[in-house]
Structures are given as structure tokens and as C-alpha cells.
There are 2 protein chains.
Amino acid sequence: MEMKSAIVALGALAQDTRLAIFRLLVEAGPAGLPAGALAEQLAVAPATMSFHLAQLAQAGLVTSIRDGRSIIYAADFEAMGALVGYLTENCCRSQPEQCGPGCLPPARTTITSAAKGASSHEKVSRSRRGQ
Amino acid sequence: MEMKSAIVALGALAQDTRLAIFRLLVEAGPAGLPAGALAEQLAVAPATMSFHLAQLAQAGLVTSIRDGRSIIYAADFEAMGALVGYLTENCCRSQPEQCGPGCLPPARTTITSAAKGASSHEKVSRSRRGQ
DNA sequence: TCCATATTTTTATAAATATGGAAATGAAAT
DNA sequence: ATTTCATTTCCATATTTATAAAAATATGGA
């Protein structure tokens, strides 16, 4: 997966309703769910649901199949796996041990948490704006 | 990691400049890079860089340390690992085998790619808008 | 064909975001 | 104390995004 499509996928998931949609679809498995059911469960207008589903579809994260009058959406697990793979690469390339479980396979749990001096700085602050 | 912070983190990475920033910081490792160097490397105005760095900091994806006149930013690998973990959970909960490598630890590579019928539908289309 | 249902497109509007110039802040050097 | 350098805040502007009402499209049944 290259940067461009990763950004589109990330943007697609970076929204309350869409992330909720995707979670429902993951839960539903390959069988998926019709757009109407999703709209009802999440209590959003049909047009709004269509907008978000289109966004997810364009990002390649969901698949759509027409079944009679309904259109059934399903999570594209392969695409999601590719996204996770991209992030894993871009997270762990230099410091595999620090990424915690979930980033790399939970093989070596013996992370002695030492020997990684940050040059010669002090005063660590986690954020700035709105702490 | 709960949904709210995952969305913030996803949104922070779902942007060209910010993803590029993060990739540079991952490459730089725990030592990090000063804001000025990032601005120069990515050819964006200082004010713009500051804006994006604030966004990443607020999302908890980067750390900042003042070193003399410079402020050094570094990727927060632990936070990134948490994000990847969240996505992995929300991707593979129902269909671990289909997520491909990168989602689950590349243990069982014997995915026979069969037996996952989607109920009883036809006409699979990957997208709609702008295909 | 006509009607009912499911979804999408169109259109408009409000809100959020990205951008960079100019001024302000913080820290070091003279 | 003044100057210099790095970064941030303030401000204005352009773009993108989320939302929903109304109209359009597609499907199935009477």
C-alpha cells in the first residue's frame, strides 16, 4: 500500500459515524449489512449514511453488493489488513521494541526498557496546546 | 485505546504533510528532529509546520522536548503501537484469517482462501462513485 | 404500467481544516 | 540590554467536510 491510499483509508476511518459503521461491518463479518440497517442502527439519515458508505467504498475499505432493493455492505478485511501493515511498517521501522503489543507479533515480551538515550535533552512534555 | 482517541490519531495521520512528518520522525528514531529541520525537509512554512506538529502532539503521536532554541519532536512509538492494536482488533475480530499479513502475526500462512460464502448475493462491485 | 421501497445524487449550508504572512514568545549570544 | 535565532500564536483566506432536505434512480410486486 502506498502513501496516497493509506491517507484516504485513514481519513475514511477518522470519523465517528464511519468508524462506527466499519465496526458494525467487522462484527457482521463477510455477510455484511444493508445500508438501511446501518442507517437505522446508527440513527443517521439515509442520505448521510450513503455519503459515509461512499467514502468508505472509495477508500476501498468496504464492498457493496446489491441484493434486491437493498445494497449490502461488507468490510474488506484484506484492505484493512493492508492498512494495518502500512502503519506497522511506518511505526516500527526504527524501534520495533517500543511499539508495544499489537504492532509487532507478541513474541519477545522481554523488553528491558533501557538503553535508548535521546541524545542530550531534558524537560519532556507530552503536548503543548491544551494540556 | 478507546474510540475517541483512535479517531483523533487517525485524523492526525490522514494528511499528506502530517503523515510525511511522522514518517520522518519514525526514521529519526527516539532522538527525533527539530521543528525547523522538518519544515525545511518538507518545504512548508514554519507556521504550517507548527500547526501540523501541534495536531500530532494533541493526538498523542509525538513528543516534544526543548533543546536550547530548538524544539525537538519525536515519534511516540508506544502510542502508535496502541493505534495499530486498536485497528487490529477492529479489523480481525470476526475474520482473523482474511486480514492478510500485518494484521495478525504471520504465523499461519496456510490460508486456503475458501469457505466464506456471503449469504446469497451476486454482482460484486468494489466502488460506486468515480470508478 | 403504476406503486411502494431502498438507496443514491443533487443542492445548499454550516462547520472544520489547511495555509502562510506578520507579530509575539522564549532562549541563547554578543 | 540588545540582538539573533527558532518556534509559536494571531489573523485572514481558501478549501474541504459533514449534514440533511428534496429530487432522482433502481428494484420488485400488484
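In what follows, every chain begins at residue 1, and chains take the letters A, B, ... in the order their sequences are listed. This is a predicted model, so every value here is computed, not measured.
- B/Leu33 contributes atom CG, which lies 5.0 Å from atom CG of B/Leu38 (distance to the nearest 0.5 angstrom).
- Distance check: A/Gln55 CD to A/Leu13 CG gives 11.0 Å after rounding to the nearest 0.5 Å.
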For nucleotides 17-23 of chain D, print each protein N/O atom paired with a nucleotide N/O atom at under 3.5 Å, atom names and distance only.
unit_1	atom_1	unit_2	atom_2	d
D/dA18	OP1	A/Arg18	NH1	3.3
D/dA18	OP1	A/Arg18	NH2	2.8
D/dA18	OP2	A/Arg18	NH1	3.2
D/dA18	OP2	A/Gln55	NE2	3.2
D/dT19	OP2	A/His52	NE2	2.6
D/dA20	OP2	A/Thr48	OG1	2.8

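- Across the protein-nucleic acid pair, B/Asp16 atom CG and C/dT17 atom P stand 16 Å apart, rounded to whole Å.
- Taken to the nearest 0.5 Å, the CD atom of A/Gln15 stands 4.5 Å off from the NE2 atom of A/His52.
- Residues A/Leu42 and A/Leu24 are in side-chain contact: their nearest non-hydrogen atoms beyond the backbone lie under 4.5 Å apart.
- For the pair B/Leu33 CG and D/dA6 C1', the interatomic distance rounds to 15 Å; values are reported in whole Å.
- Annotation: side chain of A/Leu87 is not in contact with side chain of B/Phe22 (no heavy-atom distance under 4.5 Å).
- Looking only at side-chain heavy atoms (C-beta outward), B/Tyr73 and B/Leu25 come within less than 4.5 Å of each other.
- Across C/dT8, D/dG28, C/dA29, the shortest atom-to-atom separation from the side chain of B/Arg69 is found for C/dA29.
- The CZ atom of B/Arg66 sits 9 Å away from the P atom of D/dT7 (whole-angstrom rounding).
- Using a 4.5 Å cut-off on side-chain heavy atoms (C-beta onward), B/Ile21 and B/Met49 make contact.
- The CG atom of B/Leu53 sits 11 Å away from the C1' atom of D/dT8 (whole-angstrom rounding).
- The separation between A/Gln58 atom CD and D/dT16 atom P is 13 Å, rounded to whole Å.
- Taking atom CD1 of residue A/Ile72 and atom P of nucleotide C/dT8, one finds them 12 Å apart after rounding to whole Å.
- Taking the side chain as every heavy atom from C-beta outward, A/Asp76 and A/Val62 never approach each other to under 4.5 Å.
- Note: CD1 (A/Ile7) to P (C/dA18) measures 11 Å, nearest angstrom.
- With contacts defined as side-chain heavy-atom distances shorter than 4.5 Å, the pair B/Tyr86/A/Leu19 qualifies.
- Atom-to-atom, CD1 of B/Ile21 to C1' of C/dA18 comes out at 12 Å; the value is rounded to the nearest Å.
- Pairing analysis of DNA chain D (Watson-Crick: purine N1 to pyrimidine N3 plus N6-O4 or O6-N4; G-U wobble: N1-O2 and O6-N3; both under 3.5 Å) yields stems of 3 or more pairs at C:1-30 with D:1-30.
- In this structure, A/Tyr73 does not reach the C/dA6 phosphate: none of its side-chain N or O atoms is under 4.0 Å from OP1 or OP2.
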